[in-house]
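See structure below.
Note that ligands are numbered from 1 as they come in the structure, with each ligand's atoms numbered from 1 the same way. For the numbers below, each heavy atom of this structure counts, side chains included, while hydrogens, waters and symmetry mates do not.
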Amino acid sequence: MNLNLLHLRETSFTSALRLRSDKKSRLLSSTILNSHLYLITMPYQLDSYSFAGKRALVRVDFNVPLNDVFEVTDDTRIRAAVKTIKKIMADGGRVVLMSHLGRPKGGPEAKYSLKHIVPVVSKHLGVKVKFADDCIGNKAREVVDKLKDGEVALLENLRFYSEEEAGDEFFAGQLAENGDVYVNDAFGTAHRAHASTAVIARFFPTDKLFGYLMEDEVQSIDRVLNSSATPVTAIIGGSKVSSKIAILENLMDRVQNILIGGGMAFTFIKAQGGKVGNSLVEEDLLEKAIDLIAMARDKGINLYLPTDAVIADAFNNEANRKESGIASIPAGWMGLDIGPKTVTLYRDVILRSKTILWNGPMGVFEMSNFAQGTLDVANALAEVTAKNGAFTLVGGGDSVAAVNQFALADKVSYVSTGGGAMLESLEGRRLPGVAAILL
Ligand code: 3PG
Ligand code: MG
């Protein structure tokens, strides 16, 4: 890799180390890497590495949902890792995949065996993936040693050992015996400082790399948190403001507009003296909500709150419902979606934006009668992506589920595979899985 040091600076927000290649520039978010920001541009690390004849130990996040008969019900995370795996196969490398599945209690549990997903991984790679009953020791070695160039093996669930989550160094060393080079493509688990995601990198001081998915995810977050394509708008929803405080605070230094939706809006409305009926409110955060509003005003950020809501007399899809002003919700009623006036306002802001982050639904979209606000926002994102070439990132659990439900996932620029990893990135926290490769 031919990297030139171009730029080094330090401000209250960034100290930047910019590395650049002639071909393609890539950014790794300063916020994700460290509190003192290192802004790095580079080509995909994988492109300049030849895996021929090498055992590539690849940490993937194949923590996918399974049904009662252990079939994969959403293979998004498996599909997302295919590009990295195929590159190694095409080079003539030997791929050794490792992942966790679920949260076993530190010992083997049949329902969490990764053998359940072997058929799906095989299907997406177009080869028969071999399976090792253990992720370390003789059972792993037997399978790995028999791999030929271009072949793929999957190791058993890493979390069958409590040492994985403990970040045990000896266990990380045992895992490391399965590879000559370490690739981390597990963005969904990059916020965990576990043996396979962070500690293991020490055993590969020169041969440790990001996979394509990891770089794409980090790049996408960087494109919203450090964007010069303004205005930048963050749409933040979901039920609880408590889980979004750190994100809102971090965004205040990085975006021009913040649109608030979902149940969390009612804490802001009540804090300002509005009547919210039975709507969800976090009473202990009323003061914090006022602080956030003041913070936005002081920093010159446009913080938008809903002006109207679709309200219901019970928390179910068949409840009576009507529209209401956001601050005049009658007793016995609760807001379950943003209303049409809010949609018009939010749509307008979205369509004028060049960069948009969406995290958290606008209402209880799982119930069809309260899905309209979330659907309208999703459609506005699709529209601004297609018509204005805006960069639109959707991330974090429920909003990803929403764009999938509305079949709009391929109409936005990027849909993150990370839940917690995405949220922690948006908080400006350093992800151990990312840091371990860079250090
Ligand atoms: C996830 O799905 O959140 C990741 O795979 C990490 O799993 P965890 O939350 O159990 O650590
Ligand atoms: Mg999780």
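Residue contacts with ligand 1 include Arg77, since one of its heavy atoms falls under 4.0 Å from the ligand. The shell of residues lying under 4.0 angstrom from ligand 1, judged by heavy atoms, excludes Gly420. Residue contacts with ligand 1 leave out Glu165, since none of its heavy atoms falls under 4.0 Å from the ligand.
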### Message
Before you tell me yes or no, could you show the steps for Lys130 and Glu151 under salt bridge (charged side-chain N to carboxylate O under 4.0 Å, His left out), namely the whole-Å CA-CA distance, both residues' side-chain angles and the distance that decides it to 0.1 Å?
### Response
CA-CA 8 Å; Lys130 309 200 163 35; Glu151 291 189 339; 3.6 Å; yes

### Query
Going through the checks in order, is the salt bridge (charged side-chain N to carboxylate O under 4.0 Å, His left out) test met by Glu156 and Lys115?
CA-CA 7 Å; Glu156 184 55 289; Lys115 71 170 188 264; over 6 Å; no

### Query
Which is it for Arg77 and Leu213 under the side-chain contact (heavy atoms from CB on, under 4.5 Å) test, yes or no, and what are the steps along the way?
CA-CA 10 Å; Arg77 282 178 165 180; Leu213 173 65; over 6 Å; no

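With a 6.0 Å cutoff to the six-membered ring centre and a 45° limit on the axis angle, Lys83 counts as a cation-pi contact of Tyr212.
Here's the thing with Arg159: one of its N/O atoms is less than 3.5 angstrom from an N/O atom of ligand 1.
Each of the following atoms of ligand 1 lies closer than 4.0 Å to a heavy atom of Asp61: 4 (C), 5 (O). Atoms of ligand 1 lying under 4.0 Å from any heavy atom of Asn63, numbered from 1 in the order shown and given with element: 1 (C), 2 (O), 4 (C), 5 (O), 7 (O). Of all atoms in ligand 1, listed by their number and element, those nearer than 4.0 Å to a heavy atom of Arg192 are 8 (P), 9 (O), 11 (O). With ligand atoms numbered from 1 in the order given, ligand 1 contributes 8 (P), 9 (O), 10 (O) to contacts under 4.0 Å with heavy atoms of Arg103. Less than 4.0 angstrom separates some heavy atom of Gly188 from each of these atoms of ligand 1: 4 (C), 6 (C).
Checked against the 6.0 Å centroid criterion, the rings of Tyr49 and Phe51 qualify as a close aromatic pair.
Ion pairing between Asp185 and Arg59 fails under the 4.0 Å rule for side-chain N and carboxylate O. Taking a cutoff of 4.0 Å between a charged side-chain nitrogen and a carboxylate oxygen, Arg202 and Glu169 qualify as a salt bridge.
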